[in-house]
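Each chain gets a letter, A, B and so on, in the order the sequences are listed, and its residues count up from 1. All values below come from the heavy atoms of this structure, side chains included, with hydrogens, waters and symmetry mates left out. Since this is a predicted model, take the numbers as computed values, not measurements.
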Amino acid sequence: MKLVYFAWIKDRIGLAEEEVELPAGIITVKDLLRWLRGRGAHYEAALQAPEVIRVAIDQEHADHSDPISGAREIALFPPMTGG
Amino acid sequence: MKLVYFAWIKDRIGLAEEEVELPAGIITVKDLLRWLRGRGAHYEAALQAPEVIRVAIDQEHADHSDPISGAREIALFPPMTGG
Amino acid sequence: MSIEPSVSVQSGRIDIAAVTAELALSGDVGGVVTFAGYCRSEDGKLAALELEHYPGMAEKEIGRIAKQAAERWPLLAAKVIHRYGKIAPGEEIVLVACASAHRAAAFEAAEFLMDFLKSRAPFWKREHLIDGTVGGWVEAKHEDDTALERWR
Amino acid sequence: MSIEPSVSVQSGRIDIAAVTAELALSGDVGGVVTFAGYCRSEDGKLAALELEHYPGMAEKEIGRIAKQAAERWPLLAAKVIHRYGKIAPGEEIVLVACASAHRAAAFEAAEFLMDFLKSRAPFWKREHLIDGTVGGWVEAKHEDDTALERWR
């Protein structure tokens with residue numbers, strides 16, 4: 001599965017995107033965020049306040065409770081500031 | 001006193017403007033409209049529904065109950081349709 | 001201190017691009033809202049709209065309305081241009097442009113200006129039809145009067 | 001049937017005049033409302049705004065928002081252009097333009113589009129300062145979220 005990061009989440013993780021193999025038991029966005037935080041200090045710094053993290057599954061906004069099964073691309077980003 | 005007319009009021013009266021000498025007792029806009037209606041069939045046709053006539057005194061919107069004393073220019077026109 | 005709005009009553013075409021660019025010049029401007037009103041073709045029946053106006057009062061009344069908008073919202077610039085004379089289908093009749101630091105003020109002020117122009121600015125429209133006849137004077141719409149109520 | 005809005009996500013400047021003129025082309029258009037958002041100078045401290053975006057999703061999400069607007073209001077045309085990359089103070093960031101037969105629909109649709117773009121379109125701003133430092137990412141404003149509530 002492809003993960004893509006934007007803005008300060010990208011800065012803190014130090015990557016714009018990566019391919020990951022998810023372990024069994026990762027069902028929802030929330031599970032994914034918890035698993036990512038355990039991958040090291042950079043991830044912990046980026047995701048320490050998961051409630052502010054916005055998520056898109058295959059380029060559509062998603063909730064933290066949404067299942068991620070079948071997703072090709074999941075994006076994590078802070079609240080948007082365009083317009 | 002100068003009277004100026006616009007749109008269908010001008011068309012019906014057949015004049016764009018005129019100078020008038022008001023008789024005594026013409027205090028308000030309402031008095032003026034009543035006096036004008038008595039000046040002939042053209043005026044009667046233009047002013048037969050006085051409630052729709054809008055009025056400006058010296059180029060500011062005015063009510064039918066406003067006094068006209070001291071006015072230099074009084075304009076009569078239908079509801080506006082600009083914009 | 002509120003800004004001094006710019007008002008023009010003219011027969012010539014309106015350069016919408018120039019106005020928008022001019023309003024955006026200040027470094028504090030975050031948003032510019034413009035409304036341009038156009039002459040509709042009325043399904044091809046209309047040759048032109050004729051706009052009669054009250055010279056002198058038209059400028060003054062639009063100026064009064066624009067000044068009210070500038071006092072009510074924190075505008076950085078405001079411009080109103082209204083045409084008179086013969087206007088062909090597809091041509092612009094009126095332009096309202098408001099600039100502010102944040103978008104809500106510019107949106108509200110532009111709507112306020114249009115609502116008041118419609119029922120307070122001394123202009124009257126008459127239709128000239130394709131078949132050569134001159135149609136009647138356009139009747140004022142009741143909804144244009146009720147549009148004012150929300151600004152009280 | 002609602003119209004198909006036009007969406008562009010681009011790094012280059014926006015030709016506001018061309019867009020406005022294009023939207024007014026149909027003979028049925030009575031009004032065009034445009035909102036242009038600009039990069040403020042922040043009292044001369046700002047060298048540029050950098051806009052990061054999510055390529056692919058940016059176009060799709062703006063398209064979804066614009067389609068909602070076209071279904072909700074009787075628009076005759078709608079166009080949204082959003083820039084990304086480095087944007088200098090005074091330059092435009094975003095343009096929303098809506099055309100309709102009567103003005104209320106165009107005003108409401110343009111405000112709706114801006115409210116949703118602000119909090120749903122995947123763009124993030126970062127400040128580059130005159131002194132050469134790169135400022136932090138701009139924080140989202142709470143009022144931009146609450147702005148959505150009036151459209152429910």
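Looking only at heavy-atom pairs under 4.5 Å with chain D, the residue among C:Ala106, C:Ala36, C:Gly31 that has the most is C:Ala36. If you tally non-hydrogen atom pairs under 4.5 Å between each of C:Ala17, C:Ser41, C:Gly90, C:Gly30 and chain D, the highest count goes to C:Gly30. Ranked by heavy-atom pairs shorter than 4.5 Å toward chain D, the options C:Glu92, C:Glu42, C:Lys118 are led by C:Lys118.
Atom CG of C:Asp131 sits in a crowded spot, with more than 12 heavy atoms from other residues, nucleotides or ligands closer than 6.0 Å. Residue C:Lys86 qualifies as open at atom NZ: its count of foreign heavy atoms under 6.0 Å is 12 or below.
For C:Ala18, no part lies near chain D; criterion is any non-hydrogen pair under 4.5 Å. In this structure, the portions of D:Asp115 lying under 4.5 Å from any heavy atom of chain C include both its backbone and its side chain. Looking at D:Ala99, there are no atoms closer than 4.5 Å to chain C (heavy atoms on both sides), in backbone or side chain.
In this structure, the separation between NE2 on C:His102 and CZ on D:Arg40 is 4.5 Å, given to the nearest 0.5 Å.
Of the listed residues (C:Val32, C:Thr20, C:Ile16), just one forms a side chain to side chain contact (heavy atoms under 4.5 Å, CB included) with D:Ile16, and that residue is C:Thr20.
Here the two rings, on D:Phe107 and C:Phe107, have centers that are 6.0 Å apart or farther.
Checking side-chain atoms of D:Arg103 against main-chain N and O of C:Gly37 turns up no donor-acceptor pair under 3.5 Å.
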